Each structure stands twice: as C-alpha cells, then as structure tokens.
Amino acid sequence: MGQSTLKDIFGAYRVDAKSIFKNKDVLTEKFLPTTILHRDEQIRQLGRIVAPAIRGEKISNTFVFGTVGTGKTLTVRYVAGELEKENPAEIRVLYVNCKMKRVSDTEYRLLAELTRTLGGTVPATGLPTDHVYRIFFELLDKKKQNIILILDEIDNIIKKIGDDILYSLLRVNQELTHSKLSLIGISNDITFTDNIDTRIKSSLSEEDVIFPPYNAAQLQDILLERAALAFADDVLDKGVIAKAAALAAQEHGDARKALDLIRVAGEVVERSGSQRVTIPHIDCAVERLDTDRTTELVRNQPKQSLAVLASIIKLKESQEGNVQTGDVYAYYERTAPTRGLKLLTPRRVSDLINELDMLGIIRTKVVSKGRYGRTREIEVLPANPVLMRIKKILEENYLFDTLNRYG
DNA sequence: GTCAATTCACATGAAAGAGACCACGGTCTAGTG
DNA sequence: CTAGACCGTGGTCTCTTTCATGTGAATTGACGA
C-alpha cells in the first residue's frame with residue numbers, strides 16, 4: 001500500500017476531519033438516553049411497583065418480559081436509578097447481567113458476581129460455594145438497606161443451573177435482620193417460567209410487566225432521536241431511517257437491531273470516504289451485521305468444534321445429498337489426528353454438532369429414516385461471503401484446506 | 001393386504017473422571033535483631 | 001521472632017468419556033382374507 005493512500009485513510013479519521021458521526025456511542029448499548037420513548041406505560045407500572053421502597057418497605061418481586069430490543073433493560077435501569085436517587089442512603093440497586101460469561105455458568109459465579117457488586121472480593125475459584133454465599137449474606141446484612149437486585153436475562157442462568165439459586169435468594173429475607181432484598185427478573189423468554197418450581201414462580205412473580213415489541217413508527221421515533229445526537233447534521237438521506245425502522249420492525253420490533261443498522265451503515269459510509277448515508281448503505285449494513293456475527297462466533301469456537309465444522313463443510317462440498325452425523329464422525333475420525341487433535345468420541349462430536357446448530361452456524365434436523373436409523377441431517381449455509389470467511393478462519397487454524405486431501 | 005414386532009443409527013441423559021486452576025492453613029527456612 | 005516459600009488438602013470449572021436409555025419410521029414376517 002502506498003504511503004499516500006494510508007495518509008488518506010488516517011486523515012479521514014483525524015479528530016479535526018469532518019466526520020459524519022457526531023457521537024457514535026449514542027448508537028451503542030452503553031448509551032443511556034435521558035428520555036425513553038414509547039415506554040410510558042411500562043415506566044408507570046414499574047414506578048408503582050418500586051415506589052414503596054422509598055418508605056423503606058420491601059417491594060414486590062417482579063418479572064419483566066419482552067423480546068430482545070424492546071427496552072426492558074433500559075427502562076428497568078432507568079426506573080431503578082431514579083428510585084435510588086430518592087433515598088440514596090438506604091436504597092441500593094444491584095444490576096447483574098446473567099448472560100455474561102463470568103456469571104452465567106454456575107451458582108458459584110453468580111454469587112461471586114453479586115458479592116462483587118456489593119463491594120466484596122471473591123476469588124474466581126477455590127472457595128466452597130456456601131462460603132461465598134455466607135460472604136454475600138454478611139455483606140447484605142451489614143447495615144440497614146433496601147436492596148433491589150436486578151437479574152437481567154435471568155432465563156440464561158436458570159436454564160443452566162436450575163432454580164435452586166432463586167429459591168435461596170428468595171429465602172434470604174427470612175434470615176436478614178437489617179436489610180430487605182427484592183428481585184426484579186428480566187427475561188426475553190416468556191415460556192421459561194414453565195420449567196421452574198411453581199412455588200418459586202409465584203413468589204418471584206408477584207408482579208409482571210410486559211414489554212411489547214415496537215412497531216415501525218415507534219422505532220422510527222427512536223431512531224430519529226438517536227440519529228440526531230449521533231450523526232452530523234444533514235448526512236442521512238431521506239428514507240434511511242424509515243428503511244432501518246421497517247427492517248427492524250420485521251424482526252420483532254428490535255430497537256437494538258435498528259440502531260445497529262444505522263451505525264454500521266454510517267461506518268460503511270465513513271470507510272468509503274463519502275459523506276452521505278443512503279438507502280443502499282442500509283442493505284449493506286444488513287449483510288455486514290449478519291456476516292460479522294457469524295464469523296465472530298466461529299472465530300471463538302474451540303479447535304475441536306472447528307474441526308467438526310470443517311468436516312461438515314468438506315463433506316457438504318464433496319458429496320451430494322444430506323450429510324449425517326455418522327458421515328461427519330467418520331470424516332472427523334480420519335482427519336483429526338492428522339491435524340494434531342486428540343480424537344473425541346462420537347458422543348462428544350454429536351454434542352459439538354448440536355452446539356454449532358444452536359449458534360446458528362449450521363442447521364440440523366433430527367430425522368428418522370426408518371430401518372436406516374435416526375440421525376441428524378446437517379445443512380450448511382449456502383455458498384456466500386459468510387461461508388467464504390468461515391472457510392478462511394478454518395484454514396487459518398490449519399483445519400481446512402482448499403485442496404481436497406482426504407476426499 | 002394388514003398389523004405388530006423388529007431394527008437401525010443415532011439422539012439424549014446422567015454420572016463421573018481428568019486435569020487445570022485456585023485458596024487456605026500448616027510447616028519449613030532464612031534473615032533479622 | 002517473623003516474613004516468605006513451599007506443600008498438602010480440598011474446592012470449582014471445563015471438557016470429556018462411559019454407560020444407559022430413548023426414538024420413530026422402514027422393514028420384516030406372521031397372519032388371515
């Protein structure tokens with residue numbers, strides 16, 4: 001690359017350069033807007049639920065439902081934050097996102113994270129779980145406080161470690177002498193309460209708040225407001241916002257997606273060096289988002305999982321018809337040792353295939369072929385840019401070569 | 001032709017092992033006064 | 001006497017294996033029409 005070209009590229013990003021963004025952070029999840037549009041009803045509902053805390057009363061445990069990008073987290077945090085301001089000495093809001101890797105897998109980790117938000121220190125491992133529980137408990141009860149614990153994406157952790165932890169948390173109040181603890185659970189899976197103990201369910205869900213999806217018009221309002229803050233004046237073509245809103249509305253009224261669309265569209269424009277965001281840029285953003293998501297997922301997979309994925313892709317390319325679990329394992333069994341990998345059992349490979357499916361990297365369907373057994377039929381993405389990039393990642397990991405050595 | 005039993009090729013579940021990481025408390029060791 | 005090194009024990013976590021059980025329709029084979 002010539003040095004003058006590099007200068008041009010850097011120049012476009014220089015602080016004094018004219019950027020189409022005023023403040024890109026406004027379009028990310030981190031940003032907390034001062035007003036929340038089209039959620040008045042939910043804010044009122046939540047407000048009524050948490051208000052008793054101001055007088056020092058324990059509030060009802062509450063469940064908040066709604067699909068992704070409907071403003072659940074934003075609204076709950078906003079209301080809780082305002083509440084905290086009313087009586088900062090006694091009201092304490094703890095927010096934990098159960099989807100974070102360091103929280104989501106075990107009871108120990110959740111407790112450790114809760115303890116940390118209370119200001120305690122807990123090692124990543126090495127302590128008995130009930131010891132951590134005791135530390136947490138003691139911190140809770142150290143002084144008089146009304147604690148509101150927000151568990152975001154609570155369905156994640158319940159699916160993984162069961163509802164015992166909820167039971168413990170709900171029972172904690174009986175043992176606390178100074179403090180009160182209330183729970184607000186946020187979930188985007190309405191059905192997940194079906195799997196928890198009915199007693200726990202009823203005491204956890206004393207109040208419910210439902211967040212309906214945004215419609216296209218509402219999304220458009222939200223986008224307009226944010227875009228005004230995020231973009232420089234007059235860089236968005238007419239119709240860009242409407243298009244992004246319409247696309248996101250199709251996907252269950254997901255505001256996060258809508259914001260991502262205009263952000264990525266803006267990035268595309270910025271990179272191309274032009275000054276206006278037009279409708280085709282939104283189409284481009286749709287594709288980019290999709291590709292990025294998948295390739296990022298693939299990149300983070302462990303080697304064995306990639307080896308299985310490589311086997312699937314290779315088989316798909318070299319044979320007609322459906323690829324089945326047995327085929328994949330046979331191929332994997334032949335190739336894995338030559339790639340310096342320890343050979344896994346079919347049981348494990350079956351799970352890995354399943355995981356790849358859950359991540360949306362492949363599609364599988366369990367089918368019974370009668371006399372010829374029961375298996376998974378595996379589909380890969382059709383040949384497209386995403387697949388190309390996946391293959392590239394596999395090649396980088398020495399798990400795939402374009403030449404068919406093992407056909 | 002009909003119908004129940006059989007069969008295949010895995011799926012799915014449960015439990016437990018291996019090996020890494022870590023905290024804690026006790027013991028040993030070397031340095032200090 | 002004391003701080004720090006070292007070690008054994010006991011805990012969690014992730015990935016994996018082992019063993020056991022489940023599954024659903026094509027096929028098979030017995031049976032009766």
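In what follows, chains are A, B, ... by sequence order, proteins preceding strands, each numbered from 1. Here the structure is a predicted model, which means the values were calculated and not measured.
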Item checked: Interatomic distance, A/L344 CG vs C/dT16 C1' [rounded to whole Å] -> 7 Å

Item checked: Value in whole Å for how far the C1' atom of B/dA23 lies from CZ of A/R134 -> 14 Å

Note to self: List the residues meeting side-chain hydrogen bond (donor to acceptor under 3.5 Å, both in side chains) with A/S305, not counting sequence neighbours, and say none if there are none.
What the structure shows: A/Q301

Notebook entry, point to check: Among all residues two or more places apart in sequence or in another chain, which pass the side-chain hydrogen bond (donor to acceptor under 3.5 Å, both in side chains) test with A/K85?
Noted result: A/E82

Next item on the list: Nearest whole angstrom, please: distance from the P of C/dT12 to the OH of A/Y108.
Entry: 9 Å

Next item on the list: Could you check how far CD of A/Q304 sits from C1' of C/dT16, rounded to whole Å?
Entry: 10 Å

Checklist line | Results of salt bridge (Lys or Arg N to Asp or Glu O under 4.0 Å) for A/R134 - residues two or more places apart only | finding: none

Check: When you check every protein heavy atom under 4.0 Å of nucleotides 10-17 of chain B, what one-letter string (B, S, -) results, 5' to 3'?
Finding: SSBB----

Notebook entry, point to check: Can you tell me how far C1' of C/dT9 sits from NE2 of A/H131, to the nearest Å?
Noted result: 16 Å

Note to self: List the residues meeting ring pair (Phe, Tyr, Trp, His ring centres under 6.0 Å) with A/F63, not counting sequence neighbours, and say none if there are none.
What the structure shows: A/F65, A/F192

Margin query: Quick check: do A/R376 and A/N354 have side-chain heavy atoms less than 4.5 Å from each other?
Written below: yes

Check: When the distance from CG of A/N300 to C1' of C/dT14 is rounded to whole Å, what number comes out?
Finding: 17 Å

Checklist line | For A/F211, all residues meeting ring pair (Phe, Tyr, Trp, His ring centres under 6.0 Å), sequence neighbours excluded | finding: none

Next item on the list: Report the residues that fulfil ring pair (Phe, Tyr, Trp, His ring centres under 6.0 Å) with A/F21, sequence neighbours left out, ordered by chain and then residue number.
Entry: A/F231

Next item on the list: Counting heavy atoms from C-beta on, name the nucleotide in C/dT16, C/dG24, C/dT12 closest to the side chain of A/S368.
Entry: C/dG24

Next item on the list: Send over the distance from A/Q301 CD to C/dT14 C1', rounded to a whole Å.
Entry: 14 Å

Next item on the list: State plainly whether the residues A/K144 and A/E90 are in salt-bridge range, i.e. N to O under 4.0 Å.
Entry: yes

Contacts under 3.5 angstrom, residues 356-366 of chain A side chains, donor-acceptor by atom type, not counting sequence neighbours:
| from | atom 1 | to | atom 2 | distance (Å) |
| --- | --- | --- | --- | --- |
| A/D357 | OD2 | A/T364 | OG1 | 2.9 |

Check: For A/R109 and C/dG11, what is the distance between atoms CZ and P respectively, to the nearest whole Å?
Finding: 19 Å

Item checked: Helical bend (five base pairs per end, nearest 10°) for the helix from B/dG1-C/dC31 to B/dG31-C/dC1 -> 20°

Notebook entry, point to check: Which part of the nucleic acid, if any, lies within contact of A/L111, taking any heavy atom under 4.0 Å across all strands shown: a base, the sugar-phosphate backbone alone, or nothing?
Noted result: nothing

Any protein N or O atoms within reach of nucleotides 3-6 of chain B? Criterion: under 3.5 Å, listing atom names and distances.
none

Note to self: Going by side-chain hydrogen bond (donor to acceptor under 3.5 Å, both in side chains), name the residues that satisfy it together with A/R348, two or more places apart in sequence or in a different chain.
What the structure shows: none

Margin query: Between A/Y372 and B/dT7, is there a contact of a side-chain N or O with OP1 or OP2 at under 4.0 Å?
Written below: no

Note to self: According to side-chain hydrogen bond (donor to acceptor under 3.5 Å, both in side chains), who are the partners of A/K24, at least two apart in sequence or on a separate chain?
What the structure shows: A/E267

